[in-house]
Amino acid sequence: FALNSAWNYATVTKGRETTMSMSLAVKQPSRSRGFTMIEILTVVAIVSILAALALPWYGDYVLRSKIPEATSNLANIRTQFEQYLYDNRKYPDGCAQSPTAATATQIQVPATGNFAYTCTNLTTGTYTVTATGQAPGMAGFLYTINEGNTRTTTLTGLPTRWGTGSTTCWITKPNQC
């Protein structure tokens, strides 16, 4: 630590008297402005660690936010099938996907951007409705429901934390029904 200093001399004259004084002037060291390279690298490292942790969680959050569309639409379609059975004593002959209008022997299923809905195994006493993921990131999701309210999930091509599926429930979170 170096101290910057200098001697100051002053001469004061009053009348016939002259006085000479001497003082030591000390300069304060100037403060540096800005950040050091170590500080910047530390901040970059902390932000990188946080981003590495947050991005996978965000990706799962985005996927999970699209799943309720399929599960709620499947539950609504099942209600339509059961109402049709109640009114007609048999299940409908088919499904019409919006915007195509349903005939008297069909029920209407929604057309959405995240899932496509299909009706299969249609007889007077059975049906199966499937929601197949089609939005980016949703292609590996396949949800089904049938006349016995059996809910199944088939997962393909997803990270292992999601598992492979379930024959008893709809998986809405990684490895959770």
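If you read the sequence from its start, that first residue is 1, and numbering goes on from there.
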Any donor-acceptor pair under 3.5 Å linking the side chain of [X] with the backbone of [Y]?
X	Y	answer
Glu147	Tyr91	no
Thr150	Asn146	no
Thr126	Asn121	yes
Thr153	Ile171	yes

More than 12 heavy atoms of other residues, nucleotides or ligands under 6.0 Å from [atom1] of [X]: yes or no?
X	atom1	result
Leu53	CG	yes
Arg89	CZ	no
Lys90	NZ	yes

Taking every non-hydrogen atom, the tightest pair across [X] and [Y]:
X	Y	answer
Pro68	Ser65	CD-O, 3.6 Å
Ala131	Ala70	CB-CB, 4.0 Å
Cys95	Phe81	SG-CZ, 3.8 Å
Ala135	Gly113	CB-O, 3.7 Å
Val129	Leu74	CG1-CD2, 3.5 Å
Ala116	Gln134	CB-OE1, 3.4 Å

Margin query: Counting C-beta onward and ignoring hydrogens, is there a side-chain heavy-atom pair between Thr164 and Leu155 closer than 4.5 Å?
Written below: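 No, every pair of side-chain atoms sits at 4.5 Å or beyond.
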
Note to self: Parallel, tilted or perpendicular, judged at 30° and 60°: which one describes the rings of Phe141 and Tyr143?
What the structure shows: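 Because their plane-to-plane angle is under 30°, the rings of Phe141 and Tyr143 count as parallel.
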
Check: Out of Thr156, Asp60, Asn175, which residue meets the side chain to side chain contact (heavy atoms under 4.5 Å, CB included) rule with Trp162?
Finding: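 Filter result, single survivor: Asp60.
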
Notebook entry, point to check: For residues Gln83 and Asp87, is any side-chain donor paired with an opposing acceptor at under 3.5 Å?
Noted result: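 Yes.
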
Check: Can you find a side-chain donor-acceptor pair between Glu82 and Tyr127 that sits under 3.5 Å?
Finding: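 Glu82 vs Tyr127: donor-acceptor pair found between side chains.
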
Notebook entry, point to check: Are Leu142 and Phe115 in one and the same hydrophobic cluster, where Ile, Leu, Val, Met, Phe, Trp and Tyr link if side-chain heavy atoms are under 4.5 Å apart?
Noted result: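 No, Leu142 and Phe115 fall in different hydrophobic clusters.
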
Next item on the list: Begin with the C-alpha distance, continue with both residues' side-chain angles, and end with the deciding distance and a verdict on side chain to side chain contact (heavy atoms under 4.5 Å, CB included) for Ile77 and Ile107.
Entry: CA-CA 8 Å; Ile77 293 168; Ile107 62 165; 3.9 Å; yes

Next item on the list: Determine, step by step, whether Leu63 and Met138 satisfy the side chain to side chain contact (heavy atoms under 4.5 Å, CB included) criterion, reporting the C-alpha distance in whole Å, the side-chain angles of both residues, the deciding distance to 0.1 Å, and the verdict.
Entry: CA-CA 7 Å; Leu63 285 178; Met138 300 306 292; 3.5 Å; yes

